[in-house]
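Each chain gets a letter, A, B and so on, in the order its sequence line appears, and its residues count up from 1. Atom set for the values below is all heavy atoms of this structure, side chains included, hydrogens, waters and symmetry mates excluded. The model shown is predicted, which means the values in this text are computed figures rather than measured ones.
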Amino acid sequence: MSTSDPGYRDGLPIRDWYASEERPKPIRDRYAKLEALRDLGVEPYAYSYSTSHSLADAHDAYEEGADAERIRVAGRILSLRDMGKSAFAHLGDRSGRLQIYCKRDGMEEREWQILELLDLGDWVGVEGSLFRTRTGEITVHVDSLTLLSKTLRPLPLGKTEVLEDGSEVVHSGFADVEMRYRQRYADLAVHPAVRDTFAARAKIVGALRRFLDEQGYLEVETPILQPLYGGAFARPFTTHHNTLDRTMYLRIADELYLKRLIVGNLDRVYEIGKVFRNEGLDRTHNPEFSMLELYRAYADYEDMMATAEELVSAAAAAVLDRTVVEWNHQTVDLSTPWKRISFHDAIREFTDLDARVASLDDLRKALPEDADRPEELDRSELLDGLFSSRVEPNLVNPTIVFDYPIEMSPLAKPKRGDPELAERFEVIVGGTELINAFSELNDPIDQWDRFAAQARAREDEKLEPQSIDVDYVRALEYGLPPTGGLGLGVDRLVMLLTGQSAIRDVLLYPVLRQYDE
RNA sequence: GCGCCGCUAGCUCAAUCGGCAGAGCAACUGGCUCUUAACCAGUAGGUUGAAGGUUCGAUUCCUUCGCGGCGCACCA
């Protein structure tokens with residue numbers, strides 16, 4: 001195909017499409033300016049521009065006395081105040097914003113003509129020297145201006161008014177939450193706070209990695225596309241491999257593949273990656289989310305409790321200079337050691353029931369009134385329902401809840417001296433599960449029993465049968481040393497440490513419904 | 001899946017009891033060589049989410065649908 005063939009959109013050659021009366025006027029106007037620029041011989045989409053400073057660095061350089069220095073900076077035009085023969089504008093980049101000042105006398109005529117064809121949002125590079133305006137703002141006196149990229153669509157830039165008390169009010173901002181997620185590029189472009197959240201996310205994930213690397217863990221990558229799924233109870237996403245003509249699943253957890261690596265003498269491993277669960281969407285659930293799982297040979301769940309505290313503390317220290325955070329209108333103190341309480345003590349504390357002796361009927365009565373079909377729930381489902389409805393909401397500061405009923409924990413070792421319990425704990429923060437960990441079950445025969453029990457339970461509930469992961473049991477036959485394992489919801493940790501209450505605000509591209517263009 | 005609320009100019013929002021669909025910002029034209037929500041004068045911009053119904057008349061009332069927000073359910 002020749003590049004001279006015009007592309008059509010809605011039946012019009014694309015250039016006519018942009019010029020068409022059907023387009024909103026701001027887009028038509030910008031397209032007209034694009035053509036005017038080309039008529040001037042200006043390439044509106046530049047190839048590169050070398051800068052000497054980021055905008056924030058340029059600002060700081062002046063404060064450090066570099067006023068005579070010529071600088072080259074670049075960014076998006078965030079505001080533009082044209083006064084006829086001079087103009088002020090603010091440029092914005094990732095580091096911040098900086099004012100520029102253009103004077104007709106001080107520039108080549110052609111560059112002044114470019115200036116007059118600029119719009120908010122356009123990318124420009126400028127060269128000039130720094131000075132301080134009469135009102136005290138550090139500003140670039142521009143003597144050369146280069147257009148780097150012409151925007152055809154106005155960004156939803158709000159105007160920021162600085163009130164007398166120093167507080168800022170944004171007028172006509174980008175308020176449509178749906179559009180902010182659908183057009184995350186625009187959201188990021190106009191909201192520095194959104195960029196800050198994702199910068200914090202990168203720091204948090206970096207801190208987790210650094211901590212584990214320093215502790216001698218090996219970072220690994222295990223299959224996302226799996227012939228069997230396991231390691232958690234959740235519905236999977238199902239797909240098909242054409243060449244192998246085989247059903248495959250996106251992983252719902254990393255667990256079983258990571259523990260195989262401990263069998264393989266990789267005695268400390270971790271993985272940070274996406275897992276996929278085919279469940280509903282809400283404020284704390286997205287179908288794909290990030291999980292950190294780590295496994296350490298010779299460790300048990302007590303060791304994992306210490307690791308949990310250290311991991312979260314390391315992540316918090318990377319983005320906060322304190323241990324108290326506000327989250328979902330609650331004040332959460334992350335400082336260690338965390339409170340520890342057994343599962344049954346926690347149930348007793350918030351329901352006055354001894355779940356070990358209580359009848360199924362008593363357990364049902366303790367459920368919230370709006371519980372769905374409580375009569376169909378078995379003992380372990382009732383306990384889980386009680387725990388999430390009556391206990392979790394009350395746990396604000398990080399709390400280690402340990403010794404879960406064993407039937408709720410098919411991959412955890414039985415508790416020493418009490419086979420009805422499993423050596424498992426969860427960390428609940430702000431009413432939300434953050435961490436799940438256990439002494440890993442390493443007895444292949446016990447593991448087979450538990451898998452088989454699960455398979456029977458699925459049959460009883462007439463769910464699609466799920467094959468036992470025979471290969472995983474074979475790996476256990478080769479010998480899994482005593483091992484502690486821990487899984488941490490990365491997105492929830494980022495939410496906690498950045499004060500966000502919705503998982504979508506810590507995911508760049510959360511799952512949304514199909515949007516009909 | 002259920003309930004409540006919302007969808008009006010490019011953006012943020014108004015519109016009384018069902019009676020001519022408006023404002024600010026952005027845009028466009030002109031003016032202005034230290035402005036900063038720049039300013040001054042003017043101009044243009046609408047299938048009120050979609051379809052249907054009631055009515056002389058619907059942004060407004062009713063029904064269905066779409067999308068979103070919040071809550072519930074689901075998610076050991």
Side-chain angles (χ1 to χ4, degrees), chain A residues 21 23-30 32-33 78-90 97 99-107 112 119-121 131-137 139 141 152-163 168-182 186 190 231-236 252-253 277-287 289 343 368-373 377-389 404-412 422 424 426 433 436 454 457 501-502 504 512-516:
Chain A
E21 293 284 324
R23 302 285 78 68
K25 188 145 183 300
I27 290 183
R28 255 185 291 145
D29 290 339
R30 283 169 188 240
K33 289 182 190 174
L78 301 181
S79 67
L80 184 57
R81 294 174 292 282
D82 179 2
M83 291 177 299
K85 296 190 177 60
S86 71
F88 285 90
H90 277 97
R97 50 195 283 151
Q99 185 168 254
I100 64 171
Y101 175 56
C102 298
K103 208 158 72 161
R104 190 167 188 169
D105 290 349
M107 298 170 66
W112 183 257
D119 288 295
L120 297 184
F131 74 109
R132 197 183 284 274
T133 63
R134 233 174 253 162
T135 52
E137 181 162 353
T139 300
H141 191 124
L152 288 181
R153 182 178 291 274
L155 279 171
L157 280 165
K159 283 199 166 187
T160 306
E161 177 182 14
V162 181
L163 300 178
E168 296 190 343
V169 179
V170 177
H171 299 264
S172 306
F174 192 16
D176 185 327
V177 184
E178 173 203 354
M179 288 314 255
R180 289 184 41 210
Y181 298 129
R182 290 194 191 284
V190 304
F233 288 153
R235 278 143 67 200
I252 59 171
R277 297 187 181 176
N278 207 337
E279 311 284 1
L281 302 122
D282 67 20
R283 180 191 292 212
T284 57
H285 294 86
N286 191 67
F289 62 101
F343 181 87
E369 288 178 9
D370 56 356
D372 195 32
R373 305 185 310 273
L377 299 179
D378 64 24
R379 187 168 197 88
S380 116
E381 287 166 333
L382 279 168
L383 288 175
D384 186 56
L386 271 184
F387 186 76
S388 45
S389 63
Y404 278 63
I406 192 143
E407 62 271 21
M408 297 168 69
S409 317
L411 296 163
R424 169 184 175 192
E426 287 195 354
E433 295 165 29
N436 183 24
Q454 254 185 278
S501 57
R504 295 200 292 190
L512 303 167
R513 288 190 207 217
Q514 184 66 40
Y515 182 64
D516 185 6

Distance, rounded to the nearest Å, where [X] contributes [atom1] and [N] contributes [atom2]:
X: A:N286; N: B:C74; atom1: CG; atom2: C1'; result: 15 Å
X: A:R134; N: B:A38; atom1: CZ; atom2: C1'; result: 14 Å
X: A:F131; N: B:U33; atom1: CZ; atom2: C1'; result: 11 Å
X: A:R23; N: B:A9; atom1: CZ; atom2: P; result: 17 Å
X: A:F174; N: B:G10; atom1: CZ; atom2: P; result: 15 Å
X: A:H90; N: B:C34; atom1: NE2; atom2: C1'; result: 13 Å
X: A:Y181; N: B:C67; atom1: OH; atom2: P; result: 18 Å
X: A:R97; N: B:U35; atom1: CZ; atom2: P; result: 17 Å

Q) Listed by chain and number, what are the side-chain contact (heavy atoms from CB on, under 4.5 Å) partners of A:D82, not counting sequence neighbours? A)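 A:D82 satisfies side-chain contact (heavy atoms from CB on, under 4.5 Å) with A:A87 only.
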
Q: Kindly write out the residues that satisfy side-chain contact (heavy atoms from CB on, under 4.5 Å) with A:P236, not counting sequence neighbours, or none if the list is empty.
A: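 Once residues adjacent in sequence are excluded, the partners of A:P236 under the side-chain contact (heavy atoms from CB on, under 4.5 Å) criterion are A:Y229, A:T238, A:Y249, A:I252.
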
Q. Does the side chain of A:R182 get closer than 4.0 angstrom to OP1 or OP2 of B:G68 through an N or O atom?
A.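 Indeed, a polar side-chain atom of A:R182 lies that close.
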
Q) Would you say A:R81 reaches B:A38's phosphate, i.e. side-chain N/O to OP1/OP2 under 4.0 Å? A)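 Yes, because at least one side-chain N or O of A:R81 sits under 4.0 Å from OP1 or OP2 of B:A38.
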
(Q) Can you list every stem that RNA chain B is part of, counting only runs of 3 or more consecutive Watson-Crick or G-U wobble pairs with both distances under 3.5 Å? (A)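 Detected stem regions: B:1-7 with B:66-72, B:10-13 with B:22-25, B:27-31 with B:39-43, B:49-53 with B:61-65.
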
Taking atom [atom1] in both [N] and [M], compute the distance separating them and give it to the nearest angstrom.
N: B:A14; M: B:A27; atom1: P; result: 24 Å
N: B:C65; M: B:C40; atom1: C1'; result: 49 Å
N: B:G19; M: B:G3; atom1: C1'; result: 35 Å
N: B:U59; M: B:G49; atom1: P; result: 10 Å
N: B:G18; M: B:G57; atom1: C1'; result: 8 Å
N: B:A51; M: B:C25; atom1: C1'; result: 34 Å
N: B:U8; M: B:G45; atom1: C1'; result: 14 Å
N: B:G10; M: B:A50; atom1: P; result: 13 Å

(Q) Taking the minimum atom-to-atom distance to the side chain of A:K159, which one of B:G10, B:C25, B:C34 wins? (A)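 For the A:K159 side chain, the nearest candidate turns out to be B:C25.
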
Q: Look at the side chain of A:D105 and decide which nucleotide, out of B:G68, B:U33, B:U35, has an atom nearest to it.
A: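 Given the options B:G68, B:U33, B:U35, the side chain of A:D105 is closest to B:U33.
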
Test item: [X] and [Y] side chains (from C-beta on) under 4.5 Å apart, heavy atoms:
X: A:I27; Y: A:P154; result: yes
X: A:L78; Y: A:L120; result: no
X: A:F174; Y: A:L157; result: no

Q. Within the modelled atom types, does a donor on one side and an acceptor on the other bring the side chain of A:E137 and the base of B:U35 under 3.5 Å apart?
A.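 No, no donor-acceptor pair under 3.5 Å.
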
Q | Distance-only donor-acceptor test (3.5 Å): side chain A:D282, base B:C74 | A |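 Counting by modelled atom types and ignoring angles, a donor-acceptor contact under 3.5 Å is found here.
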
With sequence neighbours left out, write down each residue that passes salt bridge (Lys or Arg N to Asp or Glu O under 4.0 Å) with [X], or none if nothing qualifies.
X: A:E426; answer: A:R424
X: A:R180; answer: A:D187
X: A:D282; answer: none

Q) For A:R104, does the CZ atom sit with more than 12 other heavy atoms under 6.0 Å from it, leaving out its own atoms? A)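 Yes, because the 6.0 Å sphere around CZ of A:R104 holds more than 12 heavy atoms from other groups.
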
Q: Could you tell me whether A:A232 contacts a base, only the sugar-phosphate backbone, or nothing, with contacts defined as non-hydrogen atoms closer than 4.0 Å?
A: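 Base, at least one base atom sits under 4.0 Å.
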
Q.
By nearest heavy atom, map A:N436 and A:T133 onto RNA chain B; which one lands nearer the 5' end?
A.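 Closer to the 5' end of RNA chain B: A:T133.
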
**Q.** 5′-ward residue of the pair A:R283/A:E426 relative to RNA chain B
**A.**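 Its nearest nucleotide being more 5', the pick is A:R283.
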
Q) With sequence neighbours left out, what residues match A:Y181 under side-chain hydrogen bond (donor to acceptor under 3.5 Å, both in side chains)? A)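 Here the qualifying residues are A:D505.
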
(Q) A:S380: which residues meet the side-chain hydrogen bond (donor to acceptor under 3.5 Å, both in side chains) condition with it, sequence neighbours left out? (A)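 Listed in chain order: nothing, the list is empty.
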
Q. Using a cut-off of 4.0 Å between protein heavy atoms and nucleotide atoms, how would you tag nucleotides 27-32 of chain B 5' to 3' with B, S and -?
A. SS---B

